[in-house]
Amino acid sequence: MATEQTYIMIKPDGVQRGLVGEIIARFEKRGYKLVAMKLMQASKEHLEKHYEDLSSKGFFNGLIKYMASGPVVAMVWEGKDAVKQGRAMLGATNPLASAPGTIRGDYCIDTGRNIIHGSDAVDSAKKEIALWFPEGLCQYTAATASWIYE
């Protein structure tokens, strides 16, 4: 079975609101395998590198300030179509446009406080994973794999 990895980050508002366990549970219940996770306070420089593609946007400085305002939970999830399905689980960037049942549709209202980030493509996932987990990922065989995949 071919699998892919995606980078998922619970933003400071999600951490402060106590939604970490609920978000992890959703990915686990869906069948994705957690291969890396850490709680960290990201530096301004680290965040500027992560969001460098948005550096020309008017909201960039506010985004960096907000993201550096509290801890984040950085994670890597692995499984079939993890990037696309991870984004579907998150919902639209604007929570008001997110369907009920998605993370953003269920837990937030404002785009500027949308609690979670997810890689938007396999290539960006690889780049984000390398940035946030230079130490590497945990490699193991999940006992449940045969109950999730054909």
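Atoms considered below: every heavy atom in the structure, side chains included; atoms not considered: hydrogens, waters and symmetry mates.
Ile129 and Val122 are not part of a single hydrophobic cluster, where members link through side-chain heavy atoms under 4.5 Å apart. When hydrophobic clusters are built by joining Ile, Leu, Val, Met, Phe, Trp and Tyr residues whose side-chain heavy atoms come closer than 4.5 Å, directly or via intermediates, Val73 is grouped together with Leu19. Met9 and Val20 fall into different hydrophobic clusters, where Ile, Leu, Val, Met, Phe, Trp and Tyr residues are linked whenever their side-chain heavy atoms come under 4.5 Å apart, directly or through other members. A single hydrophobic cluster is not seen to contain both Leu137 and Ile10; linkage of ILVMFWY side chains at heavy-atom distances under 4.5 Å, directly or through other members, places them apart. Linking ILVMFWY side-chain heavy atoms closer than 4.5 Å, directly or via other members, places Ile8 and Met37 in a single hydrophobic cluster.
Closest approach of Pro71 to Gln16, counting heavy atoms only: CD-NE2, 4.0 Å. Shortest non-hydrogen contact noted between Ala143 and Trp147 is O-CD1, 4.3 Å.
Contact of the Lys127 side chain with the Ser119 side chain is not registered, since no non-hydrogen atoms from C-beta on lie closer than 4.5 Å. Here the side chains of Arg113 and Lys11 are not in contact, with every heavy-atom distance at 4.5 Å or above. Side-chain contact between Thr6 and Gln85: absent, with no pair of heavy atoms (C-beta onward) separated by less than 4.5 Å. Looking only at side-chain heavy atoms (C-beta outward), Pro12 and Val72 come within less than 4.5 Å of each other. Within the 4.5 Å cutoff, side-chain heavy atoms of His50 are placed close to those of Tyr7.
Sequence neighbours left out, the pairs with a member in residues 16-40 that pass ring-ring contact (aromatic ring centres under 6.0 Å, His included) are Phe27-Trp77. Applying the side-chain hydrogen bond (donor to acceptor under 3.5 Å, both in side chains) definition to pairs two or more places apart or across chains, those involving residues 135-144 are Lys38-Glu135.
Separating the CD1 atom in Ile148 from the CZ atom in Arg30 is a distance of 11.0 Å, to the nearest 0.5 Å. Between atom CG of residue Leu131 and atom CG of residue Leu47 there is a gap of 9.0 Å, rounded to the nearest 0.5 Å. Interatomic distance, Thr93 OG1 to His117 NE2, rounded to the nearest 0.5 Å: 10.0 Å. Atom NE2 of His46 sits about 9.0 Å away from atom NZ of Lys49, to the nearest 0.5 Å. Between the CZ atom of Arg87 and the CG atom of Leu90 there is a distance of 7.0 Å, given to the nearest 0.5 Å.
Put simply, the side chain of Asn114 never gets that close to the backbone of Pro95: no donor and acceptor are under 3.5 Å apart. With hydrogens and angles ignored, the 3.5 Å screen pairs no side-chain donor or acceptor of Thr102 with any backbone N or O of Met89. At least one donor-acceptor pair closer than 3.5 Å links the side chain of Arg104 to the backbone N or O of Gly91. Proximity of a side-chain donor or acceptor of Glu4 to a complementary backbone N or O of Glu78 within less than 3.5 Å is not detected.
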**OP:** Test side-chain contact (heavy atoms from CB on, under 4.5 Å) on Ile23 and Ile115 and set out the steps.
**Re:** CA-CA 10 Å; Ile23 291 168; Ile115 73 170; 4.2 Å; yes
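Take Asp106 and apply the salt bridge (charged side-chain N to carboxylate O under 4.0 Å, His left out) test, not counting sequence neighbours, and it matches Arg26. Residues satisfying the side-chain contact (heavy atoms from CB on, under 4.5 Å) criterion with Ala130, sequence neighbours excluded, are absent altogether. Qualifying salt bridge (charged side-chain N to carboxylate O under 4.0 Å, His left out) partners for Lys84, counting only residues two or more places apart in sequence or in other chains: none.
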Side-chain donor-acceptor pairs under 3.5 Å in residues 55-66, sequence neighbours left out?
from  : atom 1 : to    : atom 2 : distance (Å)
Ser55 : OG     : Glu52 : O      : 3.0
Tyr66 : OH     : Asp13 : OD1    : 2.3

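Surrounding CD1 of Ile109 are at most 12 heavy atoms belonging to other residues, nucleotides or ligands under 6.0 Å away.
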